[in-house]
Amino acid sequence: MDWLYSRNKCYYFSVMYQKEGDWDESQRFCSSHNGSLALFDTQEELNFLMDISHEHQVWVGLRKREDGIHWANGTACSSSL
């Protein structure tokens with residue numbers, strides 16, 4: 001799949017190693033390509049990601065920690081999402 005551009009962000013869907021990976025493995029893959037698992041700030045961005053994933057299960061940059069749910073970049077996830 002090619003890169004997709006929407007609202008000043010680029011997205012790339014990878015079939016990493018032709019197998020399923022876990023969150024950490026997926027984040028490492030993205031980092032090795034100067035990227036990150038998808039981060040989104042609005043319901044509109046979430047809807048866009050859901051639309052382009054075509055019902056496939058995908059990893060996004062959210063992770064549950066002891067102090068709450070955070071993005072891959074360390075910022076806390078807004079409760080509005």
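Here the CG-CZ distance, from Asp22 to Arg28, works out to 6.5 Å after rounding to the nearest 0.5 Å.
Considering all non-hydrogen atoms of both residues, Tyr5 and Cys10 come closest at CD1-SG, 3.7 Å. Closest approach of Ser36 and Ala72 over heavy atoms only: OG-CB, 3.8 Å. The two residues Leu49 and Ala38 come nearest to each other via the heavy atoms CD1-CB, 4.0 Å. Between Ser26 and Trp59, the shortest heavy-atom contact is OG-CD1, 3.1 Å.
Cluster membership for Leu39 and Ile52, using ILVMFWY side-chain heavy atoms within less than 4.5 angstrom, is shared. Both Met50 and Val58 are part of a single hydrophobic cluster, where members link through side-chain heavy atoms under 4.5 Å apart. Under a hydrophobic clustering in which Ile, Leu, Val, Met, Phe, Trp and Tyr are joined whenever their side-chain heavy atoms come within less than 4.5 Å, directly or via other members, Ile69 and Val60 fall into the same cluster.
Ring pair Phe40/Trp71 is perpendicular by interplanar angle, where above 60° counts as perpendicular and below 30° as parallel.
With hydrogens and angles ignored, the 3.5 Å screen pairs a side-chain donor or acceptor of Gln27 with a backbone N or O of Leu37.
Ion pairing between Arg7 and Asp41 fails under the 4.0 Å rule for side-chain N and carboxylate O.
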Task: Derivation and outcome, side chain to side chain contact (heavy atoms under 4.5 Å, CB included), residues Glu45 and Lys9 - done: CA-CA 10 Å; Glu45 286 178 309; Lys9 292 184 179 181; 2.9 Å; yes
